[in-house]
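So the structure is just underneath, and the comments pick up after that.
All residue numbers refer to positions in the sequence shown, counting from 1.
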Amino acid sequence: MSEVEYGRYEEAYKAIHSALSSIACAPPGKKISKFAFTWNGDGSLASLRAYDGADLLFTLTFTWSSGNLRDITRS
């Protein structure tokens with residue numbers, strides 16, 4: 001079996017992880033105790049809601065284009 005070269009995926013995943021870590025962190029003095037998800041009709045992730053107990057901390061909304069993740073917005 002030949003070895004497949006995957007290019008720079010590891011660097012890309014690290015950059016995505018770093019960006020999501022900062023956009024998805026809890027506000028000062030709060031902690032995330034629960035995530036709730038909503039889904040689009042095609043099965044892709046529509047939103048992620050983060051809670052501290054019953055308090056909604058933030059929502060991440062995912063926008064897709066032709067099956068590819070286009071952007072993530074925090075509100």
Side-chain angles (χ1 to χ4, degrees):
M1 178 180 240
S2 64
E3 185 173 307
V4 177
E5 184 172 325
Y6 289 98
R8 299 174 62 185
Y9 285 108
E10 184 176 326
E11 291 176 34
Y13 291 139
K14 184 176 179 182
I16 292 167
H17 178 271
S18 295
L20 286 175
S21 294
S22 62
I23 197 172
C25 66
K30 300 287 184 174
K31 67 177 186 168
I32 297 172
S33 62
K34 178 176 107 174
F35 288 117
F37 303 93
T38 61
W39 305 94
N40 293 312
D42 64 0
S44 60
L45 183 61
S47 69
L48 176 151
R49 295 184 312 269
Y51 292 88
D52 182 355
D55 297 328
L56 177 62
L57 300 176
F58 61 85
T59 300
L60 298 180
T61 304
F62 299 84
T63 304
W64 299 86
S65 177
S66 301
N68 296 309
L69 183 59
R70 193 177 80 202
D71 61 53
I72 304 170
T73 307
R74 179 175 170 155
S75 56

Do N40 side-chain atoms and D42 backbone N/O form a donor-acceptor pair below 3.5 Å?
->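 Looks like no, no N/O pair under 3.5 Å.
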Go through the steps for Y51 and I32 under the test side chain to side chain contact (heavy atoms under 4.5 Å, CB included), then give the verdict.
-> CA-CA 6 Å; Y51 292 88; I32 297 172; over 6 Å; no
Looking at CG of L48 and OG1 of T38, how far apart are the two atoms once the value is rounded to the nearest 0.5 Å?
-> 8.5 Å
Of all the heavy-atom pairs spanning [X] and [Y], show the shortest one and how long it is.
| X | Y | value |
| --- | --- | --- |
| F58 | I23 | CE1-O, 4.4 Å |
| L45 | W64 | O-NE1, 2.7 Å |
| R74 | S22 | NH1-O, 4.3 Å |
| K31 | L57 | O-CD1, 3.8 Å |

The side-chain contact (heavy atoms from CB on, under 4.5 Å) partner of R49 among L60, L56, T61 is L56
Side chain to side chain donor-acceptor pair (under 3.5 Å) partners of S33, counting only residues at least two apart = none
